[in-house]
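Quick note: residue numbers are just sequence positions, from 1. Given the structure is predicted, the values throughout are model-derived calculations rather than measurements.
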Amino acid sequence: MTFTLATWNINSVRLREPIVQQLMQAEAPDVLCLQETKSPVDKIPLDGFAELGYRHIVARGQKGYNGVAILSRLPIEEVASEDFASLGHARHIAGRLENGVTIHNFYVPAGGDKPDREINEKFGQKLDYLTEMRDYFAATPPEKSILVGDLNIAPREDDVWDHKKLLKIVSHTPIEVEHLAAVQEAGNWVDVTRKDITEGKLYSWWSYRAQDWDAADKGRRLDHVWATQDIAGSAHSSRVLRAARGWEKPSDHAPVFATFDL
């Protein structure tokens, strides 16, 4: 069985329903994982998605903030939803496909502006969230699993436009990178995107603040696709759909794709 998966922080699924449908029509991933849906589940515009073949959904939502959803052309059943760091936020959902693959969809807290938990509660919450993710996967090592989402960390030097300038900027600080590496190690996860695209600058997010985001190209790779060691070798064709960042009323994130032969 071959299937293609995409992950995309959509920054409001209702506001950006047209470009979600555009992606479905143009790219037709079998599984589409969305973050920051900013909608209760019962308010997600499912009818239009179903008409395009996405008749299956597992999701967690809340009004105006956060929210994660897995929209699928393939049957999928919910298997988990964790509230890491006890924030009461809709930031995780997991579903299992009929072939036995479990997909974890995460929206890790952004962490605020100052990388210091003593003066910035949100940064502490981010680190705590990652620590509990680590402990979760260490306690129950995942198998035949994929982890995707907006993890809000660009771990590698070539995942940001300027490594030295961003070392003290939330999303690329050493302590965040260390915490993310601990999550990856705990679950024996393989960074599928960088397995396929081993070298070179690679981004999935460009700030709304840049008037000409494309020319300035001050991006960060905040969106990730990981797989457990037992299936990582089946992954291929990783890519970032950069063009979507320039669609009408875009998200500040671009979708990230991978294909699996299982």
Practice task
Kindly state whether the ring of W189 and the ring of F137 have centres lying under 6.0 angstrom apart.
Solution key: yes
Handout entry: Under 3.5 Å: donor-acceptor pair, side chain of K144, backbone of I231
Key = no
Practice task
Check the hydrophobic clustering (I, L, V, M, F, W, Y; side-chain heavy atoms under 4.5 Å; chains of links allowed) and say if I57 and V68 are grouped together.
Solution key: no
Completion exercise
For K201 and D162, the nearest pair of non-hydrogen atoms, with its separation, is NZ-N, 4.3 Å
Practice task
Say whether, by atom type as modelled, one donor and one acceptor occur between the side chain of S81 and the main chain of H92 under 3.5 angstrom.
Solution key: yes
Handout entry: Donor-acceptor under 3.5 Å (S204 side chain, D223 main chain)
Key = yes
Practice task
Identify whether the distance between the nearest side-chain nitrogen and carboxylate oxygen of E27 and R239 falls below 4.0 Å.
Solution key: yes
Handout entry: Minimum heavy-atom distance between S234 and L262, given as atom pair plus value
Key = OG-CD2, 3.3 Å
Handout entry: Which atom of H224 lies closest to which atom of L222, heavy atoms considered
Key = CD2-O, 3.1 Å
Problem - Gap between atom CD of E248 and atom CD1 of I19 - 0.5 Å precision - result: 9.5 Å
Practice task
Flag the pair D128 and R117 as a salt bridge only when some basic side-chain nitrogen lies within less than 4.0 angstrom of an acidic carboxylate oxygen.
Solution key: yes
Handout entry: Contacts of type salt bridge (charged side-chain N to carboxylate O under 4.0 Å, His left out), residue D191, not counting sequence neighbours
Key = R221
Fill in the blank from the handout: On a heavy-atom basis, the closest approach of A254 and L241 is CB-O, 3.4 Å
Problem - I169 backbone acceptor or donor facing T173 side chain under 3.5 Å - result: no
Practice task
Check D30, I103, T259 against L5 for a side chain to side chain contact (heavy atoms under 4.5 Å, CB included) and give me the one that passes.
Solution key: I103
Problem - Whether S251 side chain and N9 backbone form a donor-acceptor pair below 3.5 Å - result: yes
Problem - Flag, side chain of K126 to backbone of A110, donor-acceptor distance under 3.5 Å - result: yes
Practice task
Report yes or no: does E176 contribute a side-chain atom to a donor-acceptor pair with the main-chain N or O of S171 at less than 3.5 Å?
Solution key: yes
Exercise for the section: Give the cluster check for F49 versus L74: same hydrophobic cluster or not, with ILVMFWY residues linked at side-chain heavy-atom distances below 4.5 Å. Expected result: no
Problem - Under 3.5 Å: donor-acceptor pair, side chain of S207, backbone of R209 - result: yes
Practice task
Drop me the distance from I10's CD1 to L15's CG, to the nearest 0.5 angstrom.
Solution key: 9.0 Å
Exercise for the section: Would you please test Q21 and Q25 for side chain to side chain donor-acceptor pair (under 3.5 Å) and show each step? Expected result: CA-CA 6 Å; Q21 292 193 3; Q25 291 173 308; 5.6 Å; no
Handout entry: From I153 atom CD1 to L180 atom CG, the distance as rounded to the nearest 0.5 Å
Key = 4.5 Å
Handout entry: Criterion side chain to side chain donor-acceptor pair (under 3.5 Å) against Q35, the qualifying member of N105, N66, N11
Key = N105
Handout entry: Cluster overlap L32 with W247, hydrophobic side-chain contacts below 4.5 Å
Key = yes
Handout entry: Inter-residue atom distance F106.CZ - L130.CG, 0.5 Å rounding
Key = 9.5 Å
Handout entry: salt_bridge(D83, R60) N-O dist < 4.0 Å
Key = no
Exercise for the section: Say whether, by atom type as modelled, one donor and one acceptor occur between the side chain of T102 and the main chain of S145 under 3.5 angstrom. Expected result: no
Handout entry: Electrostatic pair K218-D212, nearest N-O below 4.0 angstrom
Key = no
Problem - Any donor-acceptor pair under 3.5 Å from E77 side chain to R96 backbone - result: no
Practice task
Answer yes or no: does atom CG of D113 have more than 12 heavy-atom neighbours from other residues, nucleotides or ligands under 6.0 Å?
Solution key: no
Handout entry: Rounded distance (nearest 0.5 Å) linking atom CD of E185 with atom CD of E178
Key = 12.0 Å
Exercise for the section: Could you tell me whether D158 and R156 have a side-chain N and a carboxylate O separated by less than 4.0 Å? Expected result: yes
Exercise for the section: Kindly assign one of parallel, tilted or perpendicular to the pair Y203 and W206, based on the angle between their ring planes and the thresholds 30° and 60°. Expected result: perpendicular
Exercise for the section: Nearest 0.5 Å please: distance from the CG atom of L46 over to the NE2 atom of H56. Expected result: 12.5 Å
Problem - Salt bridge flag under 4.0 Å for residues R194 and D159 - result: yes
Problem - Co-membership, hydrophobic cluster, residues L151 and Y136, 4.5 Å side-chain - result: yes
